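These notes are about the structure you will find just below.
Each chain gets a letter, A, B and so on, in the order its sequence line appears, and its residues count up from 1. Just so we're clear, the structure is a prediction, and the values are computed from it rather than from any experiment.
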Amino acid sequence: MRIATWNITGLRARLGFFQHWLRERQPEVVGLQELKLSDDHFPHQEIEELGYRAVTYGQKSWNGVAILSRMPLEIVHKGLPGPRISARAFSPREPETSASAAFTARTEKPSSTPTSRSSSRGLDALADHFERCHTTSEPLVLGGDFNLCPAPLDSWNETALAGHIFHTDAERTRFRRLLDWGFEDVYRKLFPETQTFSWWDYRAGAFHKKQDLRIDFLLATRSVMQRVRGAEIDREYRKKKDGLIPSDHAPVFFDME
DNA sequence: ATGTCGGAATTATTCCGA
């Protein structure tokens, strides 16, 4: 069973590309971010033709998440509380295996003043949610675009970028809170030393210049982790396919028994 | 070469945000 996450960067503009990937990779569950459409514009018919049902939490123009599944989905939670929180979560539950969540975490640019809040209140809201509503003994998967590099290995140039956006201690501390609670970073757990990336800025030719970051993750609790047999960051799908333009993020997935 | 996109506002071009 394959579980995936992907910041698709505009599902309407990406539909053909996404369908290509679904056919090729055959994931069982996919968390999508940055749909950039409201729920009434979600292409349910096209998705169902490929055997998936989707639960959506969209937003006009920006953000918006969905979970697609070939298994039955039940919505047990939608959205996160708190003012000005841009992270959003679903927790569809499938009877025997897993709950899953997809979200987008926005990172604010750290200001020059040392007292400024630096980043990702969405991550705090997410950690609050799991602490309040779940236990680590549950089989849980949390996937999304976290907009941060957890460690120097996850950046193409930690030396130059340390302290800057994606590379601040504040961001890393917030991310660590999810790990301390009981999540494992699946890809990193399987490949502790491998430098692999998931995002390349559209601007300035970052993909070709190898200006790359790993900011998209699938996190899993221990009972899921024990069943994981492989993980991949799908860099092939950061490239053009049949002339179709890719997202600026690569899909990330793992396989479990 | 800032090697770019997607979407909205407004009607094929410009602006904005990432």
Look at A:Arg203 and B:dA18 and indicate whether a side-chain polar atom (N or O) is within less than 4.0 Å of OP1 or OP2.
no

Would you kindly give the CH2-to-C1' distance between A:Trp62 and B:dA9, to the nearest whole Å?
13 Å

Minimum-distance nucleotide to A:Lys60 side chain [options: B:dG3, B:dG6, B:dA8]:
B:dA8

Distance between C1' atoms of B:dA1 and B:dT13 (Å, rounded):
23 Å

Say we look at B:dT10 and B:dC16: how far apart would their P atoms be, to the nearest angstrom?
12 Å

Please state the C1' separation for the pair B:dT2 and B:dA18 - nearest whole angstrom.
13 Å

If the condition is side chain to side chain donor-acceptor pair (under 3.5 Å), which residues does A:Gln26 pass it with, not counting sequence neighbours?
A:Arg70

Quickly work out the A:Phe18 CZ to B:dG6 C1' distance and round it to whole Å.
17 Å

Which value, in whole Å, describes the distance between the C1' atoms of nucleotides B:dG7 and B:dG3?
22 Å

Any ion pair linking A:Asp169 and A:Arg176 (charged N to carboxylate O, less than 4.0 Å)?
no

Just label B:dT11 as syn or anti from its O4'-C1'-N9-C4 or O4'-C1'-N1-C2 angle, using within 90° of 0 for syn.
syn

Over all strands shown, is A:Thr9 touching base, sugar-phosphate only, or nothing at heavy-atom distances under 4.0 angstrom?
sugar-phosphate

Whole angstroms only, please: what is the NE2-C1' distance between A:His249 and B:dT4?
13 Å

Salt-bridged, A:Asp255 to A:Arg227, with N to O below 4.0 Å?
no

Of A:Gly205 and A:Leu11, the one whose closest nucleotide on DNA chain B sits nearer the 5' end is A:Gly205

Salt-bridge criterion met for A:Asp248 and A:Arg238 (N-O under 4.0 Å)
no

In whole Å, I'd like the distance from the CG atom of A:Leu15 to the C1' atom of B:dC5.
17 Å

Taken to the nearest whole Å, CD/A:Gln33 to P/B:dA18 is 16 Å

From B:dG6, B:dG7, B:dT4, pick the nucleotide closest to the side chain of A:Tyr202?
B:dT4

Mark up nucleotides 10-15 of chain B, 5' to 3', with B wherever a protein heavy atom is under 4.0 angstrom from a base atom, S wherever such an atom reaches only the sugar-phosphate, and - elsewhere.
------

What nucleotide, of B:dG3, B:dA8, B:dC5, holds the atom closest to the side chain of A:Ser61?
B:dA8

With heavy atoms under 4.0 Å as the rule, sort A:Leu37 into base, sugar-phosphate or nothing.
nothing

Tell me which nucleotide among B:dG7, B:dA18, B:dG3 gets nearest to the side chain of A:Ala204.
B:dG3

For atom P, what is the distance between B:dG6 and B:dT11, given to the nearest Å?
23 Å

What's the closest nucleotide to the side chain of A:His208 if the choices are B:dC5, B:dG17, B:dG3?
B:dG3

Assert yes or no for the condition that the ring centre distance of A:Tyr237 to A:Phe17 is strictly below 6.0 Å.
yes

Distance in angstrom units between A:Lys239 NZ and B:dT4 C1', rounded:
19 Å

Interatomic distance where CG belongs to A:Asp248 and P belongs to B:dT4 [whole Å]:
13 Å

Holding to side chain to side chain donor-acceptor pair (under 3.5 Å), I want the full list of residues that pass it with A:Glu24, two or more places apart in sequence or in another chain.
none

State plainly whether the residues A:Arg12 and A:Glu46 are in salt-bridge range, i.e. N to O under 4.0 Å.
no

Give the rounded distance in Å between these two atoms: CH2 of A:Trp199 and C1' of B:dC5.
12 Å

Counting the benzene-type ring for Trp, do A:Phe166 and A:Trp199 have ring centres under 6.0 Å apart?
yes

